[in-house]
Amino acid sequence: MRICVIPGDGIGPEVMGAATRVLRALAPDAELHEAMAGWGAFERHGTALPEPTLAAARNADAILFGAVASPSHAVPGYRSPIVQLRRDLDLYANLRPVTSGANLASPTEGCDLVIVRENTEGLYAGRERLEDDGATAIAERVITRRASARIARAAFELARRRATDLGRPGRVTIVHKANVLRVSDGLFRETVLTVARDFPELAVEEALVDVAAMRLAQSPARFDVLVTTNLFGDILSDVACIHGGGLGLAASANLGDSRGLFEPVHGAAPDIAGRGIANPLAAITCVAMLLEWRGRPEPAARLRAAIAATLRDGPRTPDRGGDGTTAAVTDAVLAQLA
Ligand code: NAI
Ligand code: MG
């Protein structure tokens, strides 16, 4: 199993250090190749996603990605490498699960949902420009039938698997804003509803994105699988992750037809970077997701149990109210595994 590890910037290298320690313990046969991307790479090499990194990602069986720091102002030549990787590797489905359940860090009861976010187009299509001597900025929101149909299929298939695994009926919520974005979200909505006909056993509902945000904050237990476009999914997953114990615990998978990239939902966290106090559990949970995706359920289940035990027994990083370090939490997970 060849794993391409892209630590990135800020706390990315700190949490990837933790994740790779755990991965080595659970999959001693894995070959890890480290590759660079992000702001640091851009400063050193003039590109945020150097060609050797893209090649290493293409050749790997799976990718572990930390986080990158992308400036909030335009920098000529800089493009977000994670957005680029998702598109170049056609990792069209971003799966962002949030569970309370056995998760002692969760402030919520009964939340067990997955946000399925379209990952290759929408407002992140990179079609932005200035007109009118810079007085008007335009972003094009690209929605295609093809991308909408395949993200819908990924969501409905996931809901079907979850219904079987959990022994209860499945439900998919289509999140859009087709009342205003009639053309683009109109196409998304209509395409997803067409795919839904192939899954008659699943309940299907629609929610406009604003009310979906409110319901996610207020009553997350009513959701099962949510399917939505790129920007809405990005925002809603940070809302939803509160119910799983916050950004320090939220992990995600970016999946294509044969490739997988696993990354924490959080970013480079410049406010805490370099202090050794980032919560590594989101990145470590990515290792569990990677192992499950690679067909290694036994070590993945052991890891999930070790994470649950660490949440119960501590130590805790400051985001969870403790004074533990990244290294101490990782040591605890490794000790629980042993
Ligand atoms: P962020 O997710 O980096 O941080 C938001 C807040 O959560 C901060 O207060 C941070 O300290 C805290 N936090 C995040 N992860 C944590 C962890 N593991 N343990 C403890 N606390 C944690 O989002 P922010 O501040 O909006 O963005 C910072 C930078 O990260 C920006 O340059 C942005 O472009 C980039 N970013 C990158 C992403 C990626 O690489 N996929 C995703 C989101 C943001
Ligand atoms: Mg985000």
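Quick note: residue numbers are just sequence positions, from 1. Both counts, for ligands and for their atoms, begin at 1 and track the order of listing.
- Defined by atom type and a distance below 3.5 Å, a donor-acceptor pair is missing between the side-chain atoms of N119 and Y124.
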Give every pair made of an N or O atom of ligand 1 and a protein N or O atom lying under 3.5 Å apart, one pair per line with both atom names and the distance to 0.1 Å, or write 'none'.
unit_1   : atom_1 : unit_2 : atom_2 : d
ligand 1 : 2 (O)  : G267   : N      : 2.7
ligand 1 : 3 (O)  : G267   : N      : 3.3
ligand 1 : 3 (O)  : A268   : N      : 3.3
ligand 1 : 3 (O)  : A269   : N      : 2.8
ligand 1 : 9 (O)  : D271   : OD2    : 2.7
ligand 1 : 11 (O) : D271   : OD1    : 2.8
ligand 1 : 11 (O) : D271   : OD2    : 3.0
ligand 1 : 18 (N) : H266   : NE2    : 3.3
ligand 1 : 18 (N) : N279   : O      : 3.0
ligand 1 : 19 (N) : N279   : N      : 2.9
ligand 1 : 30 (O) : A268   : N      : 3.0
ligand 1 : 32 (O) : S70    : N      : 3.0
ligand 1 : 32 (O) : S70    : O      : 3.1
ligand 1 : 34 (O) : S70    : N      : 3.3
ligand 1 : 34 (O) : S70    : O      : 3.2
ligand 1 : 40 (O) : V68    : N      : 2.9
ligand 1 : 41 (N) : E263   : OE1    : 3.3

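- Judged purely by distance below 3.5 Å, without hydrogens or angles, the side chains of R141 and S184 pair a donor atom with an acceptor atom.
- With T120 contributing its side chain and R87 its backbone, the two residues share no donor-acceptor pair below 3.5 Å.
- For D234, the N/O/S atom at the shortest distance from the Mg ion (ligand 2) is named OD1.
- In summary, the side chains of E205 and T173 do present a donor paired with an acceptor at a separation below 3.5 Å, with no hydrogens or angles considered.
- Taking the side chain as every heavy atom from C-beta outward, K177 and R189 never approach each other to under 4.5 Å.
- For R168 and D112, the salt-bridge test fails: no basic side-chain N is under 4.0 Å from an acidic carboxylate O.
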